[in-house]
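Just below is one structure, and these are the notes that go with it.
What you see is a predicted model; the values in this text were computed from it and never measured.
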Amino acid sequence: MYDVVVVGAGPGGSIAAKTCAENGLKVLLVEKRQEIGVPVRCAEGISRNALERFVEPKKFFISREVVGAKIFAPDGTEITLSEERAGNEVGYVLERKVFDRYLAKLASKAGAEVLVKTTAYDFERKDGIVRVKLRRMGEEWEVETKVVIGADGVESRVAKFFGIDTTLKPDGIESCVQYLMTNIDFDPDYCYFWVGKSIAPGGYIWLFPKRIGANVGIGVMPSIAEKTPKEYLDDFVQKKFPEGRIVELVAGAVPVCGEIKTAVADNVMLVGDAARHADPITGGGIANAMKAGYYAGKVAVEAVKKNDFSAKFLKRYDKLWKDDFGKELAKKRKLQQKLIKMDDETLNKIAHSIPKNIKELSVRAIVLEIFKKHPKLLWDVKDLIF
């Protein structure tokens with residue numbers, strides 16, 4: 001019998017397990033893959049503040065430190081953002097394979113039991129308790145728990161089983177492909193972003209520097225794309241980095257639907273991609289997953305103390321994550337819907353509108369400048385700006 005079973009040992013799941021265990025709960029953390037952190041389906045960027053809120057930075061899991069971001073319009077016009085203004089994905093570039101294992105070790109050190117290559121394949125709720133059916137290398141068994149925290153990714157089995165509505169519409173998901181590349185020329189002090197319907201419809205192309213080489217990837221919205229993400233990325237790489245060498249490839253999906261109504265049910269809370277916590281503009285999800293994992297852990301501790309595992313009680317978790325970043329997800333979703341309708345000519349016009357002598361090179365300052373020059377472009381989303 002466990003107080004909490006956490007399904008999925010990504011950053012959100014491990015932080016949830018660590019938080020619960022530190023507060024005296026009996027915790028089981030299960031990961032279906034044989035190695036935590038593998039495969040890496042992530043550009044691996046996170047802001048300093050977001051990381052340092054939960055863990056002390058260590059050289060062994062930080063691949064690069066960057067000082068800002070460079071954004072390129074379709075015609076090549078460059079906009080440079082300082083690190084503190086560039087968002088949750090800029091500051092550190094992680095080694096996710098190492099970082100995820102480190103977080104799981106912290107959870108284990110706090111007292112959580114960690115099992116890899118273990119699938120939670122079925123659940124049964126009865127008399128306020130959940131029976132979790134587990135499978136590992138042909139062996140099957142059951143455990144009982146008071147709370148299940150689903151941190152099992154975009155295709156969350158926990159969400160489906162417990163009837164939490166995380167349905168993704170065609171325009172609420174990005175299809176992504178990423179290469180680890182060497183033999184390419186770039187300034188390793190910056191992350192790079194290229195936008196435009198012609199190169200990445202509904203998304204963008206990114207470059208995140210690593211110790212050796214860089215992550216070069218793309219996210220596109222399949223509902224408006226004419227080719228596969230790999231075809232778009234290959235076209236870009238061939239033109240931009242013709243001498244580059246691809247040493248690794250990963251692919252996956254990212255939810256960009258914005259804030260969902262609820263991430264709880266009786267005995268259950270969802271975190272990270274399972275709860276659609278990824279940023280609708282950038283697709284980044286590490287920072288929000290860690291925040292959500294922490295909040296879910298704190299609420300699980302309260303629930304055990306009160307012996308109340310109802311959805312009504314667990315909704316305090318909804319309030320915590322929504323007050324922290326949920327409202328921002330909703331705003332960014334509206335802005336995303338606006339941006340994906342803009343053609344390349346409009347994006348170029350916007351880039352040209354940003355003066356070189358702008359005093360504060362922040363996202364908000366840039367949008368304000370655009371609004372001054374082209375109010376019609378952003379009039380219907382002006383409430384998101386002011």
Side-chain angles (χ1 to χ4, degrees), residues 10 35 37-47 51 59-81 83 86-101 174-222 225 227-254 278-279 281-286:
E35 291 183 73
V38 177
V40 175
R41 294 193 175 113
C42 176
E44 304 182 274
I46 188 170
S47 73
L51 178 68
K59 287 185 177 180
F60 64 85
F61 64 65
I62 293 174
S63 185
R64 280 278 187 186
E65 294 186 48
V66 296
V67 299
K70 294 180 181 289
I71 303 171
F72 295 89
D75 66 358
T77 301
E78 178 184 323
I79 303 167
T80 301
L81 297 178
E83 174 196 330
N88 276 335
E89 282 63 64
V90 171
Y92 294 120
V93 181
L94 303 171
E95 288 290 350
R96 279 291 302 273
K97 295 174 184 176
V98 181
F99 179 66
D100 285 19
R101 291 171 198 169
E174 293 273 347
S175 184
C176 304
V177 173
Q178 178 174 273
Y179 298 144
L180 175 59
M181 297 189 68
T182 59
N183 201 39
I184 59 178
D185 185 33
F186 61 93
D187 184 343
D189 288 333
Y190 288 87
C191 293
Y192 294 74
F193 303 90
W194 291 267
V195 298
K197 268 193 172 180
S198 58
I199 63 166
Y204 62 94
I205 291 171
W206 65 81
L207 182 153
F208 279 56
K210 301 293 294 287
R211 283 194 186 101
I212 299 175
N215 289 330
V216 181
I218 188 171
V220 304
M221 199 167 280
K227 298 184 290 187
T228 67
K230 186 177 183 301
E231 288 173 326
Y232 281 109
L233 184 58
D234 286 342
D235 288 345
F236 176 84
V237 166
Q238 189 174 6
K239 294 174 184 175
K240 187 71 177 176
F241 306 116
E243 303 300 319
R245 298 287 180 265
I246 298 169
V247 296
E248 191 173 297
L249 179 154
V250 292
V254 177
D279 187 306
I281 299 292
T282 69
I286 304 174

With S63, the side-chain hydrogen bond (donor to acceptor under 3.5 Å, both in side chains) member among E95, R211, K210
E95
Kindly compute the distance separating CD1 (I218) from CD1 (I199), expressed to the nearest 0.5 Å.
7.0 Å
Ring geometry between W194 and Y192 (parallel below 30°, tilted from 30 to 60°, perpendicular above 60°)
parallel
Going by an N to O cut-off under 4.0 Å, is there a salt bridge joining K70 and D187?
no
Check V177 against A251 and note the closest heavy-atom contact, atom names and distance.
CG2-CB, 4.2 Å
For V216, does its backbone N or O pair with a side-chain atom of Q178 as donor and acceptor, under 3.5 Å?
no
What verdict does the side-chain contact (heavy atoms from CB on, under 4.5 Å) test give for M181 and R245, after you've listed the backbone C-alpha separation in whole Å, the side-chain angles of each residue and the deciding distance to 0.1 Å?
CA-CA 5 Å; M181 297 189 68; R245 298 287 180 265; over 6 Å; no
Nearest-0.5 Å distance, CD1 of residue I205 to CZ of residue F193
12.5 Å
Excluding sequence neighbours, so at least two apart, what forms ring pair (Phe, Tyr, Trp, His ring centres under 6.0 Å) with F61?
F99, Y102
Does N183 use its side chain to pair, donor to acceptor, with the backbone of E243 at less than 3.5 Å?
yes
For R64 and I62, indicate whether the former's side chain and the latter's backbone hold a donor-acceptor pair under 3.5 Å.
no
Would you say the rings of F208 and F186 are close, in the sense that their centroids are separated by under 6.0 Å?
no
Electrostatic pair E44-R96, nearest N-O below 4.0 angstrom:
no
Audit row: L207, I184, side-chain contact (heavy atoms from CB on, under 4.5 Å) steps and yes/no
CA-CA 11 Å; L207 182 153; I184 59 178; 4.0 Å; yes
Would R101 and V38 satisfy side-chain contact (heavy atoms from CB on, under 4.5 Å), going step by step from the backbone distance to the final call?
CA-CA 10 Å; R101 291 171 198 169; V38 177; 3.3 Å; yes
Salt-bridged, K230 to D234, with N to O below 4.0 Å?
yes
Between T282 and Y204, is the side-chain contact (heavy atoms from CB on, under 4.5 Å) condition met? List the steps.
CA-CA 8 Å; T282 69; Y204 62 94; 3.9 Å; yes
Nearest 0.5 angstrom please: L233 CG to I246 CD1, how far?
7.0 Å
